[in-house]
Trainee: 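Got a structure here, written out as structure tokens. Questions coming.
Letters A, B, ... mirror the listed sequences (proteins, then strands); counts begin at 1. Basis for what follows: all heavy atoms, side chains included, without hydrogens, waters or symmetry-related copies.
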Protein chains: 2
Amino acid sequence: MRHFASDSAESYAVGVVDVARWEQYGLEDTLPFRAMWYAVPPESSSPQDCHPEFELSVVISGTASVEASGQITDIAAGSCFLLDSGEAHVIHNRSGDVPLFIFTTYWMPQAAAAAIAAGVYEGAVVAGGADEKEAVMEGAR
Amino acid sequence: MRHFASDSAESYAVGVVDVARWEQYGLEDTLPFRAMWYAVPPESSSPQDCHPEFELSVVISGTASVEASGQITDIAAGSCFLLDSGEAHVIHNRSGDVPLFIFTTYWMPQAAAAAIAAGVYEGAVVAGGADEKEAVMEGAR
């Protein structure tokens with residue numbers, strides 16, 4: 001078991017946002033995604049971001065007001081939000097005093113397709129049999 | 001942007017643990033992993049679990065006392081822990097009053113290998129060029 005303590009991670013500033021990327025942990029051969037924590041101070045917003053990776057985020061503390069596709073949606077602590085490939089987004093912290101802290105994973109669409117074809121969970125691999133092996137080869141073409 | 005509210009997710013009991021699996025959201029073609037939330041009540045423990053999937057968890061609230069490989073490690077809210085493929089584990093909540101709430105992702109080792117070969121992030125794909133395409137084919141064999 002490996003432990004990743006958020007309060008001792010190396011981080012850097014992106015605008016007002018404090019970002020701790022998981023590249024520091026050397027998990028490039030283990031994870032089927034990239035990951036980071038980030039913190040948005042009270043009454044602040046992230047720079048607008050837009051990238052081809054899907055992005056799934058978990059709100060750990062505070063409330064994320066996620067601006068994307070012309071809407072702002074409040075996401076409470078414990079809840080998650082998924083941004084599409086290429087979906088521009090700004091993360092606002094509209095609280096006057098509560099920091100917003102988020103854990104995020106992101107991945108390219110073709111990485112997900114390849115992982116799914118290879119079998120993401122045990123049942124997918126066992127259940128698939130010969131069909132699954134064929135799917136793996138199809139997924140790579 | 002899709003919003004997944006933890007407090008309205010469908011869940012079921014596994015021992016004393018309340019489990020909300022993400023299969024309910026129909027993201028099987030989008031995520032390179034499976035996911036779930038789970039809650040361990042105060043002074044309670046999960047059943048022992050052991051599976052071939054890697055498992056990366058984020059503690060959202062409370063403190064997880066993770067028993068694995070002969071050790072118990074306390075993981076604070078905001079921090080993460082990664083269990084190896086095949087590493088037996090029990091999650092204890094040793095608090096007398098604070099519920100433990102966790103978001104977990106899990107994936108088979110070969111799914112990660114396939115995702116990595118396909119390029120997990122934009123830079124991996126752009127930087128790889130022809131070598132990357134070859135790596136994708138190698139990863140599927």
Side-chain angles (χ1 to χ4, degrees), chain A residues 1-7 27-35 37 51-54 56 58-61 66 68-69 71 73 75-84 87 89 101 103 105-122 124-125 136-137 139-141, chain B residues 1-7 27-35 37 51-54 56 58-61 66 68-69 71 73 75-84 87 89 101 103 105-122 124-125 136-137 139-141:
Chain A
M1 196 276 288
R2 287 190 60 183
H3 174 196
F4 308 98
S6 55
D7 58 4
L27 295 170
E28 296 80 12
D29 295 335
T30 304
L31 307 183
F33 48 81
R34 296 273 158 148
W37 288 287
H51 45 72
E53 294 92 346
F54 280 93
L56 178 69
V58 188
V59 178
I60 294 168
S61 58
V66 180
S69 300
Q71 290 195 310
T73 307
I75 314 287
S79 292
C80 298
F81 58 96
L82 175 66
L83 293 156
D84 275 345
E87 187 175 16
H89 51 280
F101 191 54
F103 178 73
T105 58
Y106 53 98
W107 62 91
M108 293 293 284
Q110 65 266 34
I116 292 161
V120 166
Y121 65 104
E122 185 179 20
V125 178
V136 171
M137 296 310 296
R141 280 173 205 148
Chain B
M1 196 275 288
R2 287 191 61 184
H3 174 197
F4 307 98
S6 56
D7 60 1
L27 296 169
E28 296 81 11
D29 295 335
T30 304
L31 307 182
F33 49 80
R34 296 275 160 147
W37 288 287
H51 46 73
E53 294 92 348
F54 281 93
L56 178 69
V58 189
V59 177
I60 295 168
S61 58
V66 180
S69 300
Q71 289 195 310
T73 307
I75 315 286
S79 292
C80 298
F81 58 97
L82 175 66
L83 294 156
D84 274 345
E87 187 173 18
H89 51 281
F101 191 53
F103 178 72
T105 59
Y106 53 99
W107 63 89
M108 293 294 285
Q110 64 266 37
I116 292 160
V120 165
Y121 65 104
E122 186 180 17
V125 178
V136 171
M137 297 310 296
R141 279 171 204 148

Trainee: Which atom names give the shortest non-hydrogen contact between A:F81 and B:M1, and what distance separates them?
Mentor: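 The pair with the smallest heavy-atom distance is CB-SD, 3.5 Å.
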Trainee: Need one label for A:T105: side chain, backbone, both or neither, based on atoms under 4.5 Å from any heavy atom in chain B.
Mentor: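 Contact with chain B: side chain only.
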Trainee: Centre-to-centre under 6.0 Å for B:W107 and A:F33, is that the case here?
Mentor: yes
Trainee: If I take atom CZ from residue B:F103 and atom CZ from residue B:F4, how far apart are they, to the nearest 0.5 angstrom?
Mentor: 9.0 Å
Trainee: Please look at A:Q71 and chain B and tell me whether the side chain, the backbone, both or neither of the residue comes under 4.5 angstrom of a heavy atom of that chain.
Mentor: neither
Trainee: Please rank A:P109, A:A5, A:A68 by heavy-atom pairs under 4.5 Å with chain B and give me the top one.
Mentor: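 The candidate making the most pairs under 4.5 Å is A:A5.
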Trainee: Can you tell which of B:V66, B:L56, B:L82 has the highest number of heavy-atom pairs within less than 4.5 Å of chain A?
Mentor: B:L82
Trainee: Counting heavy-atom pairs under 4.5 Å with chain B, which one of A:L31, A:D84, A:L83 comes out on top?
Mentor: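 The answer is A:L31.
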Trainee: Under the rule for side chain to side chain donor-acceptor pair (under 3.5 Å), what residues qualify as partners of B:H51, not counting sequence neighbours?
Mentor: B:E53, B:E55
Trainee: With a 4.5 Å cut-off on heavy-atom pairs, point out which of B:V59, B:T30, B:T73 contacts chain A the most.
Mentor: B:T30
Trainee: Would a 4.5 Å heavy-atom cut-off, applied to side chains only, mark A:I116 and B:E28 as touching?
Mentor: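 No - every pair of side-chain heavy atoms lies 4.5 Å or more apart.
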